[in-house]
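Would you mind keeping the following structure in view while I ask a few things?
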Amino acid sequence: MTSRIADVPVVPQVDSPVSRLLPVATTAAAAILSIQPVHISAYAALAPAFMLMAVYHWAIYRPDLLPASAVFLIGIGHDLLAGGSLGVTAVVLLLARAVVVRYRRWFPDRAFPFVWGGFTLLTASGMLVLWVLHSLLGAGTVEFRSSIFRAVLTISLFPFASFLLGRTQRALMGAR
Amino acid sequence: MIRLSAPRRAALQRLVLPVLVLLSVTMIVVGKLDQVVFEPLRISFTDAAAPTLDALSRPIAAAGNLIDHARGVINLYQENGRLEEENRRLLHWQQAALTLASENAQLRSLLRLVPEAAISYVTARVIANSGGVYARNLMVNAGSGAGVERGQAAITGDGLVGRVVEVGTRAARILLVTDLNSRVPVIVERSRQRAILSGDNSERPLLEYLDPASAVRVGDRIITSGEGGVFPPDLPVGVVSRVNGEAPRVEPYVGLSRVEYLRIVDYGLASGLPKPVAGAPRSMRRATPVTTAGMKHH
């Protein structure tokens with residue numbers, strides 16, 4: 001389903017200028033998606049962490065095309081539009097990217113469930129960090145239950161995101 | 001670009017992440033200490049992004065409406081029965097309302113009451129929401145260009161949605177009644193008790209500062225009290241859904257996650273939201289000046 005690291009060309013001479021923008025563009029699109037008003041009662045404004053999915057995917061497969069500076073700017077942009085404390089999303093995404101890049105070499109030639117498992121770990125820690133940050137900022141009264149629900153939703157939707165991102169990656173970068 | 005040697009460039013690369021993390025943490029701390037420092041940046045960025053968000057949210061809203069239509073078709077028979085029943089009830093109420101309105105008009109002219117100032121409103125569409133557990137607000141596609149001002153109330157046909165906290169030229173941000181920072185002075189319609197509706201980022205805000213001796217019942221209607229001149233009085237807010245626990249919880253009349261269009265109302269209230277004072281502690285810059293409201297009306 002997803003492209004494996006061994007198949008992606010290490011020297012990015014195949015990439016066109018347009019496809020080089022793909023990781024940043026998809027991550028920015030994920031940011032916009034997470035603030036879309038979805039008019040379904042059950043949704044209750046608990047958007048899945050789409051940006052986390054995008055950052056995870058690109059940090060594994062093409063971290064060179066999603067630099068930390070881009071992640072920072074996207075995080076700040078999201079905070080500005082969503083009305084939350086400026087910098088919180090940037091911190092979480094930067095740390096997520098750093099952690100994934102560090103453990104990148106565990107991922108080549110692994111089946112999808114392993115990748116999904118890694119994402120589950122990342123989401124759990126990410127939600128925890130978010131909760132701690134917001135508790136420190138004075139919003140600690142928020143029940144942990146909503147964070148758990150959001151984490152479950154994010155983890156459940158990851159396969160679709162991974163599939164979509166993998167497809168676009170292969171189509172535009174000619175990885176396979 | 002400056003030509004750097006490979007080891008120097010590598011060293012610089014290693015610095016990027018810590019610098020960015022430090023920068024983000026600094027921004028968090030600064031934002032906490034001084035609420036308003038980032039507001040101009042936020043407003044200009046929101047204004048710039050508003051047209052794009054407006055355009056992007058339309059297909060998703062259309063898809064949502066399609067799903068609603070499908071659901072409606074499936075439940076057609078039951079829905080029809082329910083609507084007929086509701087229609088009968090509403091016709092009764094219409095008659096009652098007309099009678100009351102004419103009686104009201106007669107009494108007013110008897111007392112020679114000064115007529116209320118005309119209410120103007122702006123209809124706006126929701127183009128983004130906060131999408132999170134930690135903030136409950138909406139972005140709408142009307143700004144100062146359309147006459148929206150800070151502190152104005154946002155309502156739908158069902159009741160109160162929230163109030164305007166940030167205004168740009170093309171867009172504005174509405175703080176929902178469920179947000180952690182939202183404080184609305186309300187009154188329990190049945191018993192005329194005053195209270196404050198405090199959001200806590202959950203679906204059902206708390207009813208606080210109630211007289212402890214009094215009994216609030218499940219099903220009690222909650223409306224705005226107009227205390228402090230912050231919100232106009234008698235706006236429907238919600239019903240009490242739970243009375244046990246630390247404080248009674250209110251289920252808002254408005255389905256806040258389903259709002260697509262709302263009205264921002266200018267009731268001509270001179271006070272409204274005071275401009276936040278830079279450097280003042282966060283607790284002093286709540287949406288409602290609770291203590292002064294209490295003192296003013298004794």
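Within every chain, numbering begins at 1; the chains are lettered A, B, ... in the order of the sequence lines, protein sequences first and strands thereafter.
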Let me know if B:R173 has heavy atoms under 4.5 Å from chain A in its side chain, its backbone, both or neither.
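Side chain only.
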
Find the distance between OG1 (A:T89) and CE (A:M51) and round it off to the nearest 0.5 Å.
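Interatomic distance, A:T89 OG1 to A:M51 CE, rounded to 0.5 Å: 5.0 Å.
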
For the candidates B:V30, B:L23, B:V16, B:V19, which exhibits the highest count of non-hydrogen atom pairs separated by less than 4.5 Å from chain A?
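It is B:L23.
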
Taking the six-membered ring for Trp and the full ring for Phe, Tyr or His, determine whether the centres of A:F107 and A:Y61 are under 6.0 Å apart.
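Ring centroids of A:F107 and A:Y61 are no less than 6.0 Å from each other.
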
Would you kindly check if the NZ (Lys) or CZ (Arg) of A:R110 is within the cone defined by 45 degrees around the ring axis of A:F114 and under 6.0 Å from the six-membered ring centre?
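Flagged: A:R110 positioned over aromatic ring of A:F114.
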
Hey, which of B:R242, B:R249, B:R136 is the one that makes salt bridge (Lys or Arg N to Asp or Glu O under 4.0 Å) with B:E203?
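That would be B:R136; it is the only one of B:R242, B:R249, B:R136 passing the salt bridge (Lys or Arg N to Asp or Glu O under 4.0 Å) with B:E203.
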
Which bit of A:I35 comes within less than 4.5 Å of chain B, counting heavy atoms only: side chain, backbone, both or neither?
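Answer is both: backbone and side chain atoms of A:I35 are under 4.5 Å from chain B.
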
Against chain A, label B:V29 side chain, backbone, both or neither, depending on which of its atoms sit under 4.5 Å from a heavy atom there.
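Neither the backbone nor the side chain of B:V29 comes within 4.5 Å of chain A.
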
Among A:V71, A:D64, A:T27, A:V100, exactly one meets side-chain contact (heavy atoms from CB on, under 4.5 Å) together with A:W58. Which residue is that?
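Exactly one pass, corresponding to A:T27.
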
A:Y103 atom OH, neighbour heavy-atom count above 12 within 6.0 Å
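Counting neighbours around OH of A:Y103, 12 or fewer heavy atoms of other residues, nucleotides or ligands fall under 6.0 Å, so no.
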
What part of B:L256 lies closer than 4.5 angstrom to a heavy atom of chain A: side chain, backbone, both or neither?
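For B:L256, neither part sits under 4.5 Å from chain A.
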
Could you tell me which of B:Q13, B:E166, B:M27 has the largest number of non-hydrogen atom pairs under 4.5 Å with chain A?
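Of the options given, most contacts go to B:M27.
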
I'd like to verify something: which residue of B:T52, B:I60, B:T178 has the highest number of heavy-atom pairs under 4.5 Å with chain A?
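Ranked by contacts with chain A, first place is B:I60.
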
